[in-house]
Amino acid sequence: MLSYHNDTKLASQTVSLLITPLLVLFFSLLFTNFCFAESTINLKQVMQGESIALSTYYLEDPEKTYNIDQLQSAALLSRFQPLPHGKSRFGISSSDYWLKIIVKNTDDTELIWLLESVHQQWDHVKLYINGEKKFYGGDHIPFTQRPFASESNVFEITTPAKAEQQVLIHLSYDQLGLAETKIRLWTAKEYSQYYASRYFIIGAMFGLGIILFFYNLFIGYSTRLPEFLWYSAYAFSALFALLTQSGLGYRFLWSNSNWFSDFSPVFASALLMIMATQFTRSFLNTSTESVTIDRLLKIIFVVAGLSIFFSLIGYRDYAIIFSILGMLASLFFPFIGWFIYLKGKSYARFYILGWAIWSLGIAIAALQNIGMIQVTLYSGLSTGLCFSIEAALLSFALADRFNQLTKEKKEIELIHIEHLEKNHLLLEELVTERTEELEQAKNQAELLARNDPLTNILNRRAFFECGSIEVERSLRYKSSLAVMMLDLDHFKSVNDNYGHAVGDKALSSVANTLKSMIRNVDIIGRIGGEEFALIVPHADLKMAVKLAHRLRLCIEKVEIVIDDKPIKITASFGVTSINVKNESLDEALKRADKALYMAKDNGRNRVEHL
């Protein structure tokens, strides 16, 4: 019995020794196959820029020594790895990158499709199908020699029915560059539709940039104000940067120059920063307002210049570093504008907003470069779109600055003319000439001064002028005439609790509501802080009261949302008719004002009449 037990134990140990290595080998092979099983991409009849990052494998070649024959060996094929976390960007690099995908046509007919290498600035792009070289692209060949007419590298591939193909893409730079390996798959119709819409967006940005360039160039030439000329130079440099980043510059201007194809990305961004810096110095007058800020801007100018210098002498790595530093420095421009604004320079407000939007575009581009934001079909245009908005806002800033300078100029002219009038009679001719100029300026100023700047309706003075004319007209034609006054309820608490910006927004919203509800012949004006008046021709008291009720209900629906909290606005109305034969507009308004106070005393948000 003991012998039988020993034999059984020995047999068990022998089986264990034989099976254990086999099990280890089996699970090792299973795990290996699981880890390195390549994902096959099933081609479809309709593909709209399909991202294949999760099915793409890459091999980095820092020494630039691999060729297609070597990559057919099992040793190198096994070294292909999935894209890290599905991200296609590898930062700034001088390495070559090989991409591998396996595609399969599951249909019964052959399929013609497009493979797009999204990044446009690769010097060389080679595509191999099943180990055979099929296409050659990149910006180091003339555009006319590309296999497909597109700014990005696009290749038309035919996959037979029920066939599987191995596609290898070789991406390389002669010098340092951004290693973006993103690949998209298209069918021809969908690709054409996408690029038609893309060209429309880019064309709109170019159109806006060209209009702003010539508009401000003309003003700068006419006025000799340097900030307009610097803005025009900035707009030109931004258009050049857009040409470079969109690939249109390579396509239409410099496809035969490999040197400029490599130089243009660094040069465009550096030139943009140089012009932006000079415009900022001129527009904000930093040499006078803040010597420290002016010195910092000069440093940014030098950094951008060094980027161009290092690129010219062949140190592309330093050129890219200085270019990135210059672009990142632009993120501080809104704070510079804010500092100048706090010193009482109101014209800096549009500058702050414009550069804040530009900074948003730069931040989006930076986050895309490091892979924190996914690059989509249109997100690559975000920087250009932000520039377009920023360019328009900076143009508004220039107009604001010009208006302020004009106002200061008129004040100086007034003082100067008063001085001339006290001098010798020989200056009388010059004084007369100046007086005529001032009269023209005064008439223009009065025309501009008729409207309240916040609500864009008549101010108090203009309201009484127009109202007096309307009273005379009603007297002449013996027509009825009514007047009403309204005052926003508890408006002081809105300003105290939410700030004057919210109060201004409320006033503007109420004014817009009133304008939308009245006729063209009605006269509306802002005659006090939160007080409005309305003259209603051809209306008796009953009709005016009905109109007042409608206006009150519309104002009651006005809602200002602050931090997701709605703020309700209400108003009290006082209405009366005008006896055009026996009383003036001012007397009728006093009676309407009494009715208004009755409405307030009776609980507000109501209409009273006298």
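Remember, it's a predicted structure, so these values are computed and weren't measured experimentally. These values consider heavy atoms only, across backbone and side chains, with no hydrogens, waters or symmetry-generated copies.
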Donor-acceptor pair, distance only, cut-off 3.5 Å: does the side chain of [X] make one with the backbone of [Y]?
X      : Y      : answer
Gln165 : Thr158 : yes
Asp123 : Asp174 : yes
Ser508 : Asp504 : no
Trp122 : Leu178 : no
Lys64  : Tyr173 : yes
Ser282 : Phe279 : no
Lys182 : Ser88  : no
Ser39  : Ser55  : no
Ser509 : Lys505 : yes
Asn105 : Pro160 : yes

Inset, instruction - Would you please test Leu272 and Tyr234 for side chain to side chain contact (heavy atoms under 4.5 Å, CB included) and show each step? - result: CA-CA 6 Å; Leu272 183 65; Tyr234 169 65; 3.5 Å; yes

Inset, instruction - State whether a side-chain donor-acceptor pair under 3.5 Å links Asp139 with Gln120. - result: no

Legend entry - Side-chain donor-acceptor pair present, Thr286, Asp294, cut-off under 3.5 Å: yes

[X]: partners by side-chain hydrogen bond (donor to acceptor under 3.5 Å, both in side chains), with sequence neighbours left out:
X      : answer
Lys134 : none
Thr455 : Asp452
Tyr195 : Glu116, Ser152

Inset, instruction - Measure the acute angle between the ring planes of Phe283 and Tyr351, then classify it against the limits of 30° and 60° as parallel, tilted or perpendicular. - result: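 Judged by the thresholds at 30° and 60°, the geometry between Phe283 and Tyr351 is parallel.
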
Inset, instruction - Could you label the plane-to-plane angle of the Trp98 and His170 rings as parallel, tilted or perpendicular, counting under 30° as parallel and over 60° as perpendicular? - result: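 Trp98 vs His170 ring planes: parallel.
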
State, with a plain yes or no, whether a side-chain heavy atom of [X] is found less than 4.5 Å away from one of [Y].
X      : Y      : value
Phe80  : Leu168 : yes
Tyr66  : Arg79  : yes
Leu127 : Val167 : yes
Ile308 : Val266 : no

Legend entry - Single hit among Phe260, Trp259, Phe143 for ring-ring contact (aromatic ring centres under 6.0 Å, His included) with Trp254: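 When Phe260, Trp259, Phe143 are each tested with Trp254, the ring-ring contact (aromatic ring centres under 6.0 Å, His included) holds only for Phe260.
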
Once ring pair (Phe, Tyr, Trp, His ring centres under 6.0 Å) is applied, do any residues pair with [X], and if so which ones, sequence neighbours excluded?
X      : answer
Phe148 : Tyr191
Trp230 : none
Tyr97  : Phe90
Phe339 : none

Inset, instruction - Please report the C-alpha distance between His124 and Tyr136 in whole Å, then the side-chain angles of each, then the deciding distance to 0.1 Å, and finally whether the side chain to side chain contact (heavy atoms under 4.5 Å, CB included) criterion is met. - result: CA-CA 7 Å; His124 308 281; Tyr136 183 62; 2.5 Å; yes

Testing the basics here: between [X] and [Y], what is the closest heavy-atom pair and its distance to 0.1 Å?
X      : Y      : result
Ala304 : Ile274 : CB-CG1, 3.6 Å
Pro566 : Glu559 : CB-CD, 3.4 Å
Arg146 : Ile141 : CG-CD1, 4.1 Å
Ser311 : Phe263 : OG-CD1, 3.2 Å

Report the distance from atom [atom1] of [X] to atom [atom2] of [Y], rounding to the nearest 0.5 Å.
X      : Y      : atom1 : atom2 : value
Ile300 : Arg281 : CD1   : CZ    : 11.0 Å
Glu227 : Gln278 : CD    : CD    : 13.0 Å
Leu171 : Ile183 : CG    : CD1   : 6.0 Å
Phe236 : Leu271 : CZ    : CG    : 8.0 Å
Ile219 : Phe228 : CD1   : CZ    : 5.0 Å
Ser287 : Ile293 : OG    : CD1   : 11.5 Å

Legend entry - Intermediate values then yes/no, side chain to side chain contact (heavy atoms under 4.5 Å, CB included), Thr181 and His119: CA-CA 7 Å; Thr181 63; His119 188 51; over 6 Å; no

Inset, instruction - Run through Asn130, Ile101, Val103, Ile129 and flag the one making a side-chain contact (heavy atoms from CB on, under 4.5 Å) with Gln166. - result: Asn130

Inset, instruction - Can you sort out the partners of Lys44 under salt bridge (charged side-chain N to carboxylate O under 4.0 Å, His left out), two or more places apart, ordered by chain and number? - result: Glu50

Inset, instruction - Scan residues 237-258 for pairs that pass salt bridge (Lys or Arg N to Asp or Glu O under 4.0 Å), counting only residues two or more places apart or in two chains. - result: Glu151-Arg251

Legend entry - Stepwise side chain to side chain contact (heavy atoms under 4.5 Å, CB included) check, Leu185 with Leu114: CA-CA 6 Å; Leu185 305 186; Leu114 304 177; over 6 Å; no

Inset, instruction - Run the numbers on Tyr231 and Phe213 for ring pair (Phe, Tyr, Trp, His ring centres under 6.0 Å), then give the verdict. - result: CA-CA 8 Å; Tyr231 176 85; Phe213 168 74; 9.3 Å; no

Scan the side chains in residues 312-323 for donor-acceptor partners under 3.5 Å anywhere in the protein, sequence neighbours excluded, and list what turns up.
unit_1 : atom_1 : unit_2 : atom_2 : d
Arg316 : NE     : Leu176 : O      : 2.3
Arg316 : NH1    : Asp262 : O      : 2.7
Ser323 : OG     : Ser269 : OG     : 2.6

Inset, instruction - For Glu190, check side chain to side chain contact (heavy atoms under 4.5 Å, CB included) against everything at least two apart and list the hits. - result: Val46, Gln48, Trp186, Thr187

Inset, instruction - List in chain and number order the residues that pass side chain to side chain contact (heavy atoms under 4.5 Å, CB included) with Leu243, two or more places apart in sequence or in another chain; answer none if no residue qualifies. - result: Phe206, Leu248, Leu253

Inset, instruction - Evaluate whether atom NZ of Lys133 has more than 12 neighbouring non-hydrogen atoms of other residues, nucleotides or ligands under 6.0 angstrom away. - result: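 Atom NZ in Lys133 is packed in, count exceeds 12.
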
Inset, instruction - Given ring pair (Phe, Tyr, Trp, His ring centres under 6.0 Å), test Trp338 with Phe335 step by step and report yes or no. - result: CA-CA 5 Å; Trp338 179 254; Phe335 299 101; 9.3 Å; no

